[in-house]
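So you know, we letter chains A, B, ... as the sequences are listed, proteins then strands, and number each from 1.
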2 protein chains.
Amino acid sequence: MQTAALDATMLALSDPTRRAILNRLTSGEARVTEIAAPFAMSLNAVSKHIQMLERAELVRRRKSGREHFLSLNPKPLDEAAEWIEQQRTFWNSSLDALERALAEHKD
Amino acid sequence: MQTAALDATMLALSDPTRRAILNRLTSGEARVTEIAAPFAMSLNAVSKHIQMLERAELVRRRKSGREHFLSLNPKPLDEAAEWIEQQRTFWNSSLDALERALAEHKD
DNA sequence: AAGATATTCAACCTATTAGTTGAATATGCA
DNA sequence: TGCATATTCAACTAATAGGTTGAATATCTT
């Protein structure tokens, strides 16, 4: 994954409103107004959050008349997961000497 | 994971300099100056990036005299991975009708 | 004590986020 | 046509990010 794409994905995921929007979309596509309803902020604020999610390509937009339907795009999330899993592999394999000794002692 | 902790973790991971620092630390703990060396920015800028990583508790600091040794703390990364994996599970199980039909057709 | 090294703190600048309100645009409906 | 609905655009504010430079603090070395 290009670093800029990962930057945008991680940044999009760093806000609880945006994570809640993604979670909402797991139960299927939804319109902007529907997505905004549960939040204690203006429709415009939610609209901007959606735009950040689009910038990260975590959500896709389909227009039908005046309604815009949003849905999830799993690819950037897959790539974020990949980066994190790669790191976790390294992190686990580079414990310090004491930790390694303890781990070996278990065997 | 508390939302604020996840916020801080994802935000910390949204910057390429900070991801590079984490990557550097997979080969063992390092001092601030050592970490800063490869980057085309001031030591102070790197010091601030390290502070953001500490705020997310992705790195820990151990002081020995005037030197500060940084090391990785895997916990927040584990929790970020957990959130993402949970989402991925839902995302995969909530494909739209067409996609489900296609998936079933494969069986 | 004095000087070098390791690091942070403080102040500043610019760009971006996250929210607001008000206006514009496009579509649907009577 | 005229009005309501769905959504974005534009302008504004306040807070934060990401960088700079210069000064402060703490420690090591001679």
Review point. Side chain of A:Arg18: nearest nucleotide among D:dG18, C:dA6, C:dA18?
Key: C:dA18
**Study point:** Results of salt bridge (Lys or Arg N to Asp or Glu O under 4.0 Å) for A:Glu54 - residues two or more places apart only
**Key:** A:Arg61
Atom pairs, N/O to N/O, protein against nucleotides 11-14 of chain D, distance under 3.5 Å?
none

Exercise for review: Scan residues 6-18 of chain A for pairs that pass salt bridge (Lys or Arg N to Asp or Glu O under 4.0 Å), counting only residues two or more places apart or in two chains.
Suggested key: A:Asp7-B:Arg19
Point to revise | Set of residues satisfying side chain to side chain contact (heavy atoms under 4.5 Å, CB included) with respect to B:Gln86, sequence neighbours excluded | key: B:Phe90
Revision key, fill the gap. Rounded to whole Å, CD1 of B:Ile35 lies from P of C:dA6 at a distance of 14 Å
Point to revise | Shortest side-chain distance from B:Asn44, nucleotide among D:dT21, C:dG22, D:dA17 | key: D:dT21
Check your understanding: Under the criterion side chain to side chain contact (heavy atoms under 4.5 Å, CB included), which of B:Leu25, B:Asn73, B:Leu22 is the partner of B:Leu58?
Key -> B:Leu22
Exercise for review: Send over the distance from A:Asp7 CG to D:dA17 C1', rounded to a whole Å.
Suggested key: 13 Å
Revision key, fill the gap. Here the distance between atom C1' of D:dG19 and atom CG of B:Asp15, to the nearest Å, is 11 Å
Check your understanding: To the nearest angstrom, how far is A:Ile50 atom CD1 from C:dA18 atom P?
Key -> 14 Å
Practice item. With the side chain of B:Val32 defined as its heavy atoms from C-beta on, choose the nearest nucleotide among C:dT7, C:dC9, D:dA6. Key: C:dT7
Study note, to complete from the structure: The remaining residues in the hydrophobic cluster of B:Leu11, counting side-chain heavy-atom contacts under 4.5 Å among Ile, Leu, Val, Met, Phe, Trp and Tyr, are A:Leu11, A:Met52, B:Met52
Point to revise | Nearest-angstrom distance from the residue atom NE2 of B:His68 to P of D:dT25 | key: 15 Å
Exercise for review: Write down the distance between CG (A:Leu11) and P (C:dT16), rounded to a whole number of angstrom.
Suggested key: 12 Å
Check your understanding: How would you list, by chain and number, every residue that makes a side chain to side chain contact (heavy atoms under 4.5 Å, CB included) with A:Ser71, sequence neighbours excluded?
Key -> A:Glu29, A:Arg60
Review point. Excluding sequence neighbours, so at least two apart, what forms side-chain hydrogen bond (donor to acceptor under 3.5 Å, both in side chains) with A:Asp78?
Key: B:Arg88
Check your understanding: Which of the following nucleotides, D:dC9, C:dT7, C:dC9, is nearest to the side chain of B:Gln51?
Key -> C:dC9
**Study point:** Residues in salt bridge (Lys or Arg N to Asp or Glu O under 4.0 Å) contact with B:Glu82, at least two apart in sequence or another chain
**Key:** none
Practice item. Round to the nearest Å and state the distance from B:Met52 atom CE to C:dT17 atom P. Key: 13 Å
**Study point:** Listed partners of B:Asn44 passing side chain to side chain contact (heavy atoms under 4.5 Å, CB included), at least two apart
**Key:** B:Ser42
Point to revise | Between D:dA6 (C1') and A:Lys63 (NZ): distance, integer Å | key: 12 Å
Taking only N/O atoms, report every protein-nucleotides 25-28 of chain C pair under 3.5 Å with atom names and distance.
unit_1 : atom_1 : unit_2  : atom_2 : d
C:dT27 : O3'    : A:Arg66 : N      : 3.4
C:dT27 : O2     : A:Arg66 : NH1    : 3.4

Check your understanding: Is any side-chain heavy atom of B:Leu13 closer than 4.5 Å to a side-chain heavy atom of B:Leu77?
Key -> yes
Revision key, fill the gap. Looking only at C:dT17, D:dG18, C:dT7, the nucleotide nearest the B:His49 side chain is D:dG18
**Study point:** Residues in contact with DNA chain C, drawn from residues 36-43 of chain B - heavy-atom cutoff 4.0 Å
**Key:** B:Leu43
Review point. Taking the side chain from A:Thr9 and the backbone from A:Ala5, do they hold a donor-acceptor pair closer than 3.5 Å?
Key: yes
Check your understanding: By salt bridge (Lys or Arg N to Asp or Glu O under 4.0 Å), which residues pair with B:Arg31, not counting sequence neighbours?
Key -> B:Glu34, B:Glu67
